[in-house]
2 protein chains.
Amino acid sequence: MESGTLTDSQAGLHPDDDLRTQILDAARHLMVSDGYSSLSMRRIARKIGYSATSIYLHFSGKDDLFYTLIDEGMERLNRYLEEASRVNASADNVLRAICNAFVEFGLTNPEYYEVMFVLHPDTGSRYPAPKYRKARRNIAIIASALEKGIAEERFVIGDVALTANTIWATLHGVVTLIIAQRIDKTLQRNRLVTGTIEIIIAGISNPNLKSS
Amino acid sequence: MESGTLTDSQAGLHPDDDLRTQILDAARHLMVSDGYSSLSMRRIARKIGYSATSIYLHFSGKDDLFYTLIDEGMERLNRYLEEASRVNASADNVLRAICNAFVEFGLTNPEYYEVMFVLHPDTGSRYPAPKYRKARRNIAIIASALEKGIAEERFVIGDVALTANTIWATLHGVVTLIIAQRIDKTLQRNRLVTGTIEIIIAGISNPNLKSS
DNA sequence: ATTACCAACTTAACAGTGTTAAGTAAAATA
DNA sequence: TATTTTACTTAACACTGTTAAGTTGGTAAT
């Protein structure tokens, strides 16, 4: 932008009330289309016709933006899982639906998924504790399916919270490896996914499970 | 380094035969101590007293270095798993040993683990196909434990290769979430780990497993 | 012995990054 | 009308990976 030329902002193209929203929209869009690695402050700014530093008026830094996107993603995932959990079926089928929804979310929104669960910001700053709540809600959905299965005397589970986390971790493993393309290409995705889910269900249905 | 001053290299501090080895040593050391994110060409170079560009005489770029480190890590992991698989025990206990070894490797070498399985280089370049062989060897170790279990009529498995990958993905999920600190802190690591392993074993031991 | 060459390394530069400090123009307030 | 506040900007710092173009020191050939 040479001096002498009006910038977009000076030309009044930006309703100055919702710059924060514009930033988030641009960030989300860039992340989904080009991946998080090429998501830079300057790129975002260019996209919306502002200077890079103006982002710092609404976010304390890249991490802050990062965390806001995580939050958004958690909300999305939450809707996904809650809808899946509403199927009217036996506990094992409810769990199947939830698991499939989780994997589907990950595979159809890989950029969101990465930001949410894979990447951790370079700077030592950690994911703020209060924000964990939304992540926990997702695990709670799994947990409630487990409790349904226990009530139906289908599942053999000692610690529900622990098992919910285990299942989550398991699904996370499948999604991550597929996204990162560290899985043998000859292997079919859906066979891997359903295979994993079936092993889990068979595992927590097995009376011989050494439940800790 | 101002002109007029002898650089280390000019002073003959570097046996010029093994610069490549020095680079790898420095890279490994920096990665393990400061994490991959702060592993830069210039840092590596500074550590060994060369200019950054001299690295390009031995590696085509950062990705190449990256892949060499992956290779190293795979070799390490392979030794880990092979040793674990040599226990003289029933198939389920062999599998337990292998799984534990995998998780232990991941948790004691998180930086290696990340480079190997989590990060994928920003540039579109993919992990070179021939290098996949070492990764496959690790899965083969799991597979052979499964076959032992089938022979002992302990495990009910349709597709061994698929199940081996499933187990790998599962363990990967646990390791990744723990490393990325996306797991509830109140949860005890080893309970999560053993819980996951037990569900898997119970799963593949369950006659009702819908094996695909 | 002198010239040519070559290997191993260097510096300078490009285009990018996150982030901070200081400056500017317009609007709101006194 | 003068002052303060708001909403932005530019300039700069210290980095990043990578390329192009030197600069040495030693070897080989004439």
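Order of the sequence lines fixes the chain letters, A, B, ..., with proteins taken first and strands second; residue numbering starts at 1 for each chain.
The listed nucleotides are D:dT18, C:dT10, C:dG18; the one nearest the side chain of B:A52 is D:dT18. For A:L57, taking side-chain heavy atoms from C-beta onward, the closest of the listed nucleotides D:dC8, D:dT18, C:dC9 is D:dC8. Checking D:dT18, C:dT19, D:dT16 against the side-chain heavy atoms of A:M41 singles out C:dT19 as nearest. Among D:dG17, C:dT17, C:dC9, the nucleotide with an atom closest to any side-chain atom of B:H58 is C:dC9. With C:dT19, C:dT20, D:dT18 as the choices, the nucleotide that has an atom nearest any side-chain atom of A:R42 turns out to be C:dT19.
Spacing between atom CG of B:D18 and atom C1' of C:dA8 amounts to 14 Å, rounded to whole angstrom units. Atom CZ of B:R20 and atom C1' of C:dC9 are 18 Å apart (whole Å). Distance CD1 (B:I48) to C1' (C:dT10): 14 Å, rounded to an integer number of Å. In this structure, A:R43 atom CZ and D:dT16 atom C1' are separated by 16 Å, rounded to whole Å. The CD1-C1' distance, from A:I55 to D:dA7, rounds to 15 Å in whole Å. For the pair B:K62 NZ and C:dG16 P, the computed distance is 18 Å after rounding to whole Å. Rounded to a whole Å, the CG atom of B:L19 is 9 Å from the C1' atom of C:dA8. Between B:I44 atom CD1 and D:dT18 atom P there is a gap of 11 Å when expressed in whole angstrom units.
Contact of B:T53 with C:dT11 (side chain to base): a donor-acceptor pair of N or O atoms is detected under 3.5 Å.
A:S40 comes within contact range of the sugar-phosphate backbone alone, with a heavy-atom separation under 4.0 Å but no base atom that close. Nucleic acid contact class of B:L39 (heavy atoms, under 4.0 Å, all strands): sugar-phosphate only.
Using a cut-off of 4.0 Å between Lys/Arg side-chain N and Asp/Glu carboxylate O, B:R28 and B:E111 are scored as not salt-bridged. Look at B:E198 and B:R191 and you find no salt bridge, because none of the NZ, NE, NH1 or NH2 atoms lies under 4.0 Å from a carboxylate O.
Between A:S54 and D:dT9 there is a side-chain polar atom (N or O) within less than 4.0 angstrom of OP1 or OP2. Contact annotation: B:Y50 side-chain N/O to C:dC9 OP1/OP2 distance is under 4.0 Å. Distances shown here put every side-chain N or O of B:Y56 at or beyond 4.0 Å from the OP1 or OP2 atom of D:dG17.
Between A:D64 and A:F59 the shortest heavy-atom distance is OD2-CA, 3.4 Å.
Cation-pi check for B:K134 over B:Y67 is not met; the charged atom does not lie both under 6.0 angstrom from the ring centroid and within 45 degrees of its normal.
With DNA chain C read from its 5' end, the first of the two nearest nucleotides for A:S38 and A:S60 is the one closest to A:S38.
Rounded to the nearest 0.5 Å, atoms OH (A:Y113) and CZ (A:R76) are 15.5 Å apart.
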